[in-house]
Amino acid sequence: MSFLFYQTTESKAQLIKMSAKDLTEQSTSVLYGKCSKIKSEWSADKSIIYTYVTVVPEEYIKGNLGSEVTLTIPGGQVGDIKYEVSDMPLFNEGEDVVAFIWTNPAGKNLITGGSQGRMKIEKDAKTGKRMVHGISSDVITKPEAKGIDITEKTGKPEKVLLDDFVTKLKGYAKH
């Protein structure tokens, strides 16, 4: 009599937590702008689906990739087939984002730090000012800092005024 045992383990990629400073320093370019087009398609050898996100920059904080940037994101859906890659950012057409981008040796523009390298910009319902959502806590210097909503204690993503965030990132880009 023989027994066959299978050990099932779940494999999860670990994403190294990166601060806004880390993201800025390790990126070729940093921008904020609008997602104008999203398209998913198979790679040439049909081994993986890539999503191509076109972003029209409103402003470059670091670097310059031109008047339109196409980001390559592993994963996506073609027809009924969905290919998911853990810790990759998701984009939506028409949304405003801050994007941390590195250009690989093959010339593809990728997101630095996986899902950490894409931050959504939304207008605050009360003030009408544009806020960056999901920022890392290193941006916040003082709890009483103007325009900053600290929600770290509640476990919710933090948000900061876009202008304050851009100023901070420009300082990181100079070093």
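These figures come from a predicted structure and were not determined experimentally.
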Under 4.5 Å between side-chain heavy atoms, hopping through other hydrophobics if needed: is there a path connecting [X] to [Y]?
X	Y	value
V166	M119	yes
V30	V69	no
Y52	W102	no

Please identify each residue that fulfils side-chain hydrogen bond (donor to acceptor under 3.5 Å, both in side chains) with T112, with sequence neighbours left out.
-> S27
Could you tell me which residues satisfy side-chain hydrogen bond (donor to acceptor under 3.5 Å, both in side chains) with Q77, sequence neighbours excluded, listed by chain and number?
-> none
How about [X] and [Y]: do any of their side-chain heavy atoms sit closer than 4.5 Å?
X	Y	answer
Y50	S43	yes
E93	C35	no
Q116	K17	yes
I111	F100	no
Y60	L65	yes
K120	E95	yes
T70	N109	no
E58	K34	no

Compute whether any side-chain donor of one residue and acceptor of the other, for S19 and D22, lie under 3.5 angstrom apart.
-> yes
Ionic contact status for K170 with E59, cut-off 4.0 Å | yes
Would you call K129 and D124 a salt bridge, using N to O less than 4.0 angstrom?
-> no
How long is the span from the [atom1] atom in [X] to the [atom2] atom in [Y], to the nearest 0.5 Å?
X	Y	atom1	atom2	value
T24	M18	OG1	CE	9.0 Å
I48	Y83	CD1	OH	4.0 Å
I121	F165	CD1	CZ	9.0 Å
I73	L110	CD1	CG	7.5 Å
D163	M131	CG	CE	10.5 Å
N64	K62	CG	NZ	13.5 Å

Where is the tightest heavy-atom contact between [X] and [Y], given as atom of each residue plus distance?
X	Y	result
E122	H133	OE1-NE2, 3.4 Å
G33	V55	C-CG1, 4.1 Å
P57	G66	CG-O, 3.7 Å
A20	L169	CB-CD2, 3.9 Å
L23	G113	CD2-CA, 4.1 Å
R118	P89	CB-CB, 3.7 Å

Does CG in D80 sit with more than 12 non-hydrogen atoms of other residues, nucleotides or ligands closer than 6.0 Å?
->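 No, the 6.0 Å shell around CG holds no more than 12 heavy atoms from other groups.
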State whether the number of non-hydrogen atoms from other residues, nucleotides or ligands found under 6.0 Å of L90 atom CG is greater than 12.
-> no
Are Y32 and V97 close enough, and set up right, to give a side chain to side chain contact (heavy atoms under 4.5 Å, CB included), and what steps lead you there?
-> CA-CA 5 Å; Y32 66 92; V97 296; over 6 Å; no
Take I81 and I49, measure what side chain to side chain contact (heavy atoms under 4.5 Å, CB included) needs, and give me the verdict at the end.
-> CA-CA 9 Å; I81 300 172; I49 294 173; 4.1 Å; yes
With F91 as reference, evaluate T51, T54, L71 under the side chain to side chain contact (heavy atoms under 4.5 Å, CB included) test and give the passing residue.
-> L71
